[in-house]
Structures are given as C-alpha cells and as structure tokens.
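Order of the sequence lines sets the chain letters (A, B, ...), proteins ahead of strands, with each chain counted from 1. Nothing here was measured: the structure is a model prediction, and the numbers come from that model.
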Amino acid sequence: MKGSITSVQELILALEEGPGQDGYLSILKRLEIPVRDLVPLCTWHQKHYTRNCLSRNADFELFLICYEKGQRTSIHDYDSQEAWVHPVSGEVTEERFALGPNGALRLVNSTVLRPPTFSYMHNGSSVHRYVNTHDGRSITLNLYAKPLRKWKVYDETTGDPSTMSPGPQDR
Amino acid sequence: MAERRSLSFSGSHGAMLTTFREQDHARVCGIMFQTAAEGLVVVDAKGLIRLQNPRLAELFGYKDEELVGQPIEKLVPEAIASGHRAHRDRYLEKPQQRPMGSGLELRGRRKDGSEFPVEVSLNHFEVDGERFVMGLVTDVTLRKRAEHELAATLSDLEARVEQRTGELRQAEHNVREALERERELNELKSRFVSMASHEFRTPLSTIMSSVDLIGRYTDDARNEKVGKHVDRIRGKVRELTGILNDFLSLDKLEQGLVACHPAPFDVLDLCIGLIEEMRTLAKPGQAVHFDHAGEVREACTDRQMLSNVVSNLLSNAIKYSPEDRPIHLRTAITNGMLSIQVEDQGIGIPEKDQVHLFERFFRAGNTVSIQGTGLGLNIVRKYLDMMGGSIRFDSREGAGTTFFVEIPMTSESPH
C-alpha cells in the first residue's frame, strides 16, 4: 500500500499516474495535506465562491473550491463521468435534487460533509448544490474525471436570493 | 517741270503732311524697303530670293545681299524644307495676300543653323509678266517668350485656384462633419438625459418609498418588514451602481484608458465561473446550459474583457427571456478562433430596431418596461473591437435571439 500524500505536488503526480485498479478514490484516501499548505492556493471573493484549478490533463482536473461564510454553488449538474468532493476545511452541506416530470426540482437528499469525508457522483447525473454551512470559511478539494465539458445551472426559486452584481446591464 | 503727282500721307488729325514728286517714289520706296523694321524678301516663281532688305539678312544672320539668288528654303528649318517647296507651288496656283501658315508655329533657320519663331505675311505681284511673292518676316521671339510666360503664369494661377478651391471644399467638408458630429452629440445628450432621468428616478423612488415605510412601522412590526425593505433598498442601490458602472466603463473606453492585455486562461473555467456568479439573476425555471466543443480549451485574449462580454450577453439573455425558458452558452476554440454563442428564447429584437442595436443609449421598442441603460451592447462591441473580435446576431421578435461572437486568439501580451 502506498504512503500518505502530504503535498499538492505529490497528489498531482499520483493522479497523473492514473487511477489504476483501485481508482482515483484510493489516491484521495491517502491525502494528508495540511490545510496551511492549501491556503496559499486559495482565492476568496466577497460575493461568490471561487473555483481554483490546481491541475488538469486529458483524464482529470483538480480544483480547490473556496467558500466564504454563507456562500453556495448553484443548483447544477455536469457531464463528468466521475466526481469526488472532499472537504479539507470547514463544512459544506451537499443537497441533491431530482428533476420532476414537469422539470421542477425536488430535494431528495441533504448531507453535511466534513473532513475527511468524500462525496462521489457518477456519470454527472446528479443535480446538486453545495452550501457552506460552517461558521466561517470552508474549502473542498474536487476531482473530476474526465474534465468537465458541460455545466448546467438550474434556477433557484427555492433558494435564497443572493446579492450579486453581474456586470454590464443590458441591450 | 516734272508733273507733280502727290502722294498724300495723312496724319491722325487728317492734315496733309507732305507730298513727293513721282520720280521720288522709287527712292522713297527704296528707303522704306531698306529701313523697314521687319524682314522683307522677294522670291520669284522658282523660289529664288531676288531681293532682301538688310533687316532680313540681320534676322537670319547673313551679310547684306548674301541671300540674293539663294532658294528661300535656306531660311526654312531643314526638317520642313522639302515640304515648303510644295507649299510655294500651291500658293502660286492661287496667290493671295495672307499670313503664312495660319495656326502653325513658324520657325526660321539662321545661317548658323539655329531656329527662331517668326510670323510671315505673303503678298504677290507681277513685273513684266513674271510673278513674284513678297514675304514680310517678323521675329516674334520676344512675343512668344512673353506668351509662354503668360501661359505659365496662367497655368500656375489656375493650379493655385484649383488648390485653393480644393482646400475650401475640404474645409467645407470638415465643417459639415463637425456640424454632423455636434448634431449627433446633441442627440446622444438628449437620449442620455432622457434615459438617466428615467433610470435613476425609478430606483430612487423605490428607495424613498421603502425608507418612508420603514419610518412608519411600529416596534412590533418593524423587524420583519424592515428586513424586506432593506433588501429592496439594497437591490435598487445595486441597480444604480450598475448603471453608474456602465457609464464609467463607457467613459474609460472612449477616453482610451482601457487596453487589451492578452494572456492564456481556461475558457471553461471562466464560463463556469460566470454562470455560477450570475445564477441569482435567473428567473424561475430558467436553466443556463453551458457546453464547450472540441479538445482545445486554452484561450489567449484579455480575460477580463471577455468576462465582461459574456456576462453582458448572458444577463441580457436572462433579462429578456420569460420564465421557464433555458439559455444556452456554447464555446469552441477552432483554428485559433474562440467562438461564443449565447442563445435565448426570449422576446427577440424587432427588425426595424436591429440596425441600431449597438448604438449608445439605444433601447429596442419592445423593452420599454424592462430596466436598462442602452449601453451594454455598445460596451460589448467596444471591447470586442479592442480584442480584434466581432459580434453579430440572429433574432426574431417573440422567438428569441442568438449572439455570435468570434475572437482571434493572440500572442500573450508582453505585460
């Protein structure tokens, strides 16, 4: 059994070697990277969470997702075959939704994720959202295999209205 | 006493000035011939010079009497000497007093071979049955020179007049252009004032009404309702801030304070980030679909400008689409060109308004009830111009609009 992965560089090298028989999860389970080593790679925004790409090749892409207090993702899905979400600091709540016959979203599951848990999605078929429910910042390490090509955002009529400004207005 | 026949010479006031006796006529004529200021030559039917005056000899560089017996062609440029003989013969067929070579530039040939411009008048007479032709030759060198100088001066004057006319036309054109620009500016100013007064008044009215209502709430009702009104105020202030940001962006662009700084970045990361940020604008049932075609995902252009372009197009698509209608964002990088499509199923753009869509402060006729400054697409176009890109659209009123953007990938900025 291979040893711990204690740096981002080691993690990337391990991922680049490929999932092997045991899959990418077996690599992620060896993670013992101190949070202080991840913080310099994070970016933060007052109004929205941030996606910070650590590495990408034809087989995978690795992100650090950074949430200020109260921030959340959209309700979305994507086309990645496999995706893992691993909280490394703080806590996020994962909400999974199902699309009803009339296109309406229905919350089917809500799970609080804290370090060192992993959340897994297969074939991008799950409509989901992450909410930082920690009383402070939260960070997750997200691995997508293959890299995303499609991303679909659903409306949030059931969500709280946010206070973000989109930029230039109109035509 | 010899019969006195008088030759009368009248002066300008008609008085008889003098008379000569007949035997003096020949002498006087001879004096006239010898002293005439013009060259005089008499030529017989064979073209031989029979008589010439000193002035003629002087004009052509010969000694007195040197020309007598010589063919008249000696005094004609060599190039036309042979043709001159034929002219002579034709003249003798129908002789008449007339200038020679009417309309032609005549030239005489001096003894040394040089040539000079002349005018020649011809007359004919008979003596004892023999025909003679008399020519009066005038050296018109000075006159020709003066004519040429005059012609050159006139030509120069014409050129100056033409140039000046051109300058005046250009000045007129510039003035017209300036007047047109001023007219356009005035029109823009009017549209701006009209837009600003409406777009600022509405959110400010909402803010004021919320503030008024907050002031009326009792302590018990205050907490719940105040929160609602504070959100409204916050939203309207955000609107106003957005409007002001538009003005500032446009002003910076027009003052040339914005520069394009290309750098490589992942276009999927940018687009996913944008649609995540903009999700709160979506109306109930509006899903935003994004997909990227092809393997190439690294773009090289100004990331912030591109972000502004895509944000604007997406926010328009959301704003002008009804609930339950999806919006599609598609990207691809092919052959060094980034292509972006933003498609909606919204209200579309009336055909008559489409030609004006990218003008400042222009709002389509079917958007009156929807908040907007009319600056967004103008700003988008300016950004794309700076990136070397282009934008076009297909739209049908009531069916939706698709914007197509193309941006060439450039080398990374030295910055």
Salt bridge E295(B)-R149(A), side-chain N to carboxylate O under 4.0 Å: yes
What distance separates [X] [atom1] from [Y] [atom2], expressed to the nearest 0.5 Å?
{"X": "L148(A)", "Y": "R297(B)", "atom1": "CG", "atom2": "CZ", "value": "7.5 Å"}
{"X": "H76(A)", "Y": "I275(B)", "atom1": "NE2", "atom2": "CD1", "value": "9.5 Å"}
{"X": "K150(A)", "Y": "F290(B)", "atom1": "NZ", "atom2": "CZ", "value": "11.0 Å"}
{"X": "Y154(A)", "Y": "H289(B)", "atom1": "OH", "atom2": "NE2", "value": "6.5 Å"}

So if I apply the side chain to side chain donor-acceptor pair (under 3.5 Å) rule between S74(A) and each of E277(B), E276(B), R279(B), which one comes out positive? E276(B)
CA sep, side-chain torsions, deciding dist, call: W151(A), L329(B), side-chain contact (heavy atoms from CB on, under 4.5 Å): CA-CA 10 Å; W151(A) 186 281; L329(B) 170 63; over 6 Å; no
Just so I know, are the side chains of E298(B) and R56(A) near enough to count as touching, which here means a heavy-atom distance under 4.5 Å? no
Just so I understand: if I count every heavy-atom pair under 4.5 Å between each of I370(B), T241(B), I272(B) and chain A, which residue has the most? I272(B)
